[in-house]
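Here the structure is laid out as structure tokens; the discussion comes afterwards.
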Amino acid sequence: MSSQDLPRASFFKGVRLIDPEAGVDQITDLLVSVAGVERNPTKIPEDAKQVDGTGLWAIPGLVDIQVHFRQPGFEYKETIESGSAAALAGGICTVVVMPNTQPRLDTPDQVIFEAEEARRVRGIDLLVAAASTKNLDGNELTDHAALKAAGAVAITDDGFPVLDDDLMRGSLEQCAELDLLFMQHAEDIRMTQHAPMTDSPVSVSLGVKGQSSDAEGVIVERDIDLARETGARYHVLHTSTARSMSAIRAAKAEGLPVTCEVSPHHLLLTYDACASGDPNTKMNPPLRSEYDRRALVDALADGTVDAVATDHAPHAKDEKAKGFEDAPFGVIGLETAFAALLSFVHDGTITDTRAVELMTSGPARLLGLQGRLGTLSQDAPVHLTLVDPQREWTVTEGAMAGKSTNSAFLGHVFKGRVVATVLHGELRFDDGLA
């Protein structure tokens with residue numbers, strides 16, 4: 001749909017508006033345009049697209065704080081433009097991109113490029129987590145102040161965890177001084193040796209080398225000690241084990257500025273999903289035990305988890321076709337994230353409001369952007385996601401709007417689907433709205 005074809009406004013009649021940050025949960029009519037969101041409008045423009053919203057949820061545009069859009073360097077997997085299309089199909093209006101591009105997002109120019117490219121292709125709102133060390137090689141720290149001045153909202157070495165204690169301390173000290181969030185992929189690679197899956201009966205039956213799940217927890221525990229020492233805001237990416245979650249819960253109880261996220265695949269799947277050797281179930285961190293999965297779900301329900309994020313990691317088909325051991329780590333998740341999260345609403349684990357919070361005000365809060373993101377307040381962008389919580393659908397390759405189709409949920413039937421996404425007041429995704 002071209003900008004000329006876009007309706008100037010959209011009128012959603014009788015939707016359920018859920019905005020956790022604003023404390024709103026009510027049935028209302030909404031008029032949405034570039035000017036803002038108006039509840040129960042007295043006048044509807046003649047050219048507005050009108051939608052019967054009975055049974056639908058209207059929620060703030062979703063926020064995903066861990067994605068890989070692959071540009072620059074790996075455009076054959078994904079681009080900012082194609083990634084934006086996938087995000088909009090999943091109701092996601094804002095993402096934080098990771099720095100493992102080529103070249104790395106380790107200079108101010110590269111941080112600026114990401115935002116400029118998103119604007120050039122009319123993409124979604126794109127925030128940058130810039131590199132902690134130059135070239136992500138764990139040897140020399142980047143200039144965190146310059147990266148923040150260029151627009152970076154967080155610091156991370158992404159899939160290359162900072163293992164050196166002194167280097168990690170130095171990065172956290174800079175983050176504390178600059179009020180930057182540090183995001184850690186917690187993995188002691190000296191322990192895992194890049195083994196493709198968790199050590200388990202499944203790894204044994206497949207004849208695949210397994211890795212200890214403790215390799216995550218030992219890094220989380222070390223980092224929490226350093227966060228306590230430096231006062232830095234510290235965030236655990238894609239938390240996947242009970243040991244890690246226990247340490248995070250204790251840190252929060254202590255009052256430390258520690259946050260965490262979980263990914264849909266770790267919430268719904270265990271290493272048993274790898275039994276067929278499907279490379280689309282290979283990700284990093286790998287799928288864990290039922291004990292670990294249950295611990296994540298409990299933390300989702302008790303408030304320990306701050307956000308749900310996809311770790312969207314697209315790969316080309318020929319790469320994933322190399323087999324479980326040789327295929328790259330990573331799965332996509334933008335189109336399926338909120339549907340996966342709704343599974344825990346339908347089974348009574350969490351409330352409707354909690355589900356919305358985990359992908360709106362929760363991520364905004366840990367980024368330090370509460371009130372300016374993940375809500376429909378005057379200070380936030382006009383981002384809106386429309387959801388049919390009862391609509392059942394099957395995940396297929398054809399349902400994917402991005403370049404890659406390496407989903408761990410192919411063939412899965414979800415209950416609940418995004419049916420429309422409004423970005424900056426414009427209806428940018430429409431799944432057959434009447």
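For clarity, every value in this text was computed on a predicted model and none was experimentally measured.
The number of heavy atoms from other shown groups lying within 6.0 Å of CD (Glu46) does not exceed 12. Within a 6.0 Å radius of NZ in Lys13, no more than 12 heavy atoms belonging to other residues, nucleotides or ligands are found. Within a 6.0 Å radius of CD in Glu254, other residues, nucleotides and ligands contribute more than 12 heavy atoms. Crowding of Tyr291 atom OH: a count of heavy atoms from other residues, nucleotides or ligands under 6.0 Å not exceeding 12.
Between the side chains of Thr107 and Asp109, no donor N or O sits under 3.5 Å from an acceptor N or O. Checking Thr241 against Arg288 by side-chain atom types alone, no donor-acceptor pair falls below 3.5 Å. No hydrogens or angles considered: nothing links the side chains of Asp379 and Ser377 as a donor-acceptor pair under 3.5 Å. Between the side chains of Ser276 and Asp278, not a single donor N or O lies within less than 3.5 Å of an accepting N or O.
Using a 4.5 Å heavy-atom threshold, the side chains of Arg70 and Gln102 count as separate. Considering only heavy atoms from C-beta on, Cys274 stays 4.5 Å or farther from Lys282 through its side chain. For the pair Val34 and Val382, the minimum side-chain heavy-atom distance is 4.5 Å or more. Ser203 places none of its side-chain heavy atoms less than 4.5 Å from the side chain of Thr198. Using a 4.5 Å cut-off on side-chain heavy atoms (C-beta onward), Arg122 and Arg428 make contact. A heavy-atom distance below 4.5 Å is found between the side chains of Val395 and Met400. You'll find the side chain of Gln66 stays beyond 4.5 Å of the side chain of His235, heavy atoms only. Here the side chains of Val308 and Met359 are in contact, with some heavy-atom distance below 4.5 Å.
Residues Ile65 and Met183 approach most closely at O-CE, 3.5 Å, considering heavy atoms. Here the closest heavy-atom approach between residue Ala295 and residue Met245 is recorded as O-CG, 4.4 Å. The two residues Ala58 and Val15 make their nearest non-hydrogen contact at CB-CG2, 3.8 Å. Here the shortest heavy-atom pairing between Gln71 and Thr101 reads O-CG2, 3.5 Å. The nearest pair of heavy atoms linking Ala247 to Val220 is CB-CG1, 4.2 Å. Annotation for Ala399 and Glu335: closest pair O-CG, 4.1 Å, computed over non-hydrogen atoms.
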(Q) Assess the residue pair Asn284 and His185 against the criterion (side chain to side chain contact (heavy atoms under 4.5 Å, CB included)); give the C-alpha distance rounded to whole Å, side-chain angles, the decisive distance to 0.1 Å, and a yes or no. (A) CA-CA 9 Å; Asn284 194 16; His185 168 97; 3.6 Å; yes

Q: Give the intermediate values and the outcome of side chain to side chain contact (heavy atoms under 4.5 Å, CB included) for residues Arg417 and Asp388.
A: CA-CA 5 Å; Arg417 189 166 191 178; Asp388 183 342; 5.6 Å; no

Q | Stepwise side chain to side chain contact (heavy atoms under 4.5 Å, CB included) test for Thr310 and Val67 | A | CA-CA 7 Å; Thr310 65; Val67 306; 3.9 Å; yes

Q | Intermediate values then yes/no, side-chain hydrogen bond (donor to acceptor under 3.5 Å, both in side chains), Ser82 and Glu78 | A | CA-CA 6 Å; Ser82 66; Glu78 191 84 284; 2.5 Å; yes

Q) Phe409 and His265: side chain to side chain contact (heavy atoms under 4.5 Å, CB included), yes or no, with the steps? A) CA-CA 8 Å; Phe409 295 123; His265 40 274; 4.3 Å; yes

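Distance check, rounded to the nearest 0.5 Å: CG of Leu296 to OG of Ser244 gives 9.0 Å. Atom CG in Leu287 sits 11.0 Å away from atom OH in Tyr271 (nearest 0.5 Å). Put simply, NE2 on His144 and CD1 on Ile155 are 4.5 Å apart, with the number rounded to the nearest 0.5 Å. Summarising the geometry, atom CZ belonging to Phe69 is positioned 13.0 Å from atom CD belonging to Glu75; distances are rounded to the nearest 0.5 Å. Interatomic distance, CG of Leu341 versus CG of Leu358, reported as 5.5 Å (0.5 Å rounding). Considering OG of Ser361 and CG of Leu366, their distance stands at 10.0 Å, rounded to 0.5 Å.
A side-chain donor-acceptor contact under 3.5 Å links Lys320 to the backbone of Gly330. Under the 3.5 Å distance criterion, the side-chain polar atoms of Arg233 are matched with a main-chain donor or acceptor of Asp179. One N or O on the side chain of Ser404 and one on the backbone of His315 form a donor-acceptor pair closer than 3.5 Å. Between the Thr142 side chain and the Asp106 main chain, no donor and acceptor come within less than 3.5 Å of each other. No donor-acceptor pair closer than 3.5 Å links the side chain of Ser263 to the backbone N or O of His266. Between the Lys148 side chain and the Leu180 main chain, no donor and acceptor come within less than 3.5 Å of each other. A donor-acceptor pair is defined here as one N or O able to donate and one able to accept, closer than 3.5 Å; such a pair exists between the side chain of Arg293 and the backbone of Leu267. Judged by distance alone, with hydrogens and angles left aside, the side-chain atoms of Thr375 form no donor-acceptor pair with the main-chain N or O of Gly371 at under 3.5 Å. Asn40 contributes a side-chain N or O that, together with a main-chain N or O of Asp29, makes up a donor-acceptor pair within less than 3.5 Å. Looking at Asp199, its side chain never comes within 3.5 Å of a backbone N or O of Gln211 through a donor-acceptor pair.
In this structure, His383 has its ring center under 6.0 Å from that of His424.
Remark: Lys252 engages Asp306 in a salt bridge, criterion side-chain N to carboxylate O under 4.0 Å. By the 4.0 Å N-to-carboxylate-O rule, Arg391 lies close enough to Asp431 to be salt-bridged with it.
Phe182 and Tyr234 have parallel rings, their planes meeting at less than 30° on a 0 to 90° scale where 60° marks the start of perpendicular.
Not counting sequence neighbours, the partners of Glu357 by the salt bridge (Lys or Arg N to Asp or Glu O under 4.0 Å) test are Arg354, Arg365.
Checking Asp19, Leu373, Leu62, Thr385 one by one against Thr360, the side-chain contact (heavy atoms from CB on, under 4.5 Å) holds for a single residue, Leu62. Under the side-chain contact (heavy atoms from CB on, under 4.5 Å) rule, Asp352 has a single partner from Val345, Leu342, Asp25, which is Val345.
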For residues 84-98, run the donor-acceptor check on the side chains, cut-off 3.5 Å, and write out each pair with its distance to 0.1 Å, sequence neighbours left out.
unit_1: Ser84; atom_1: OG; unit_2: Ile80; atom_2: O; d: 2.8
unit_1: Ser84; atom_1: OG; unit_2: Ile124; atom_2: N; d: 3.2

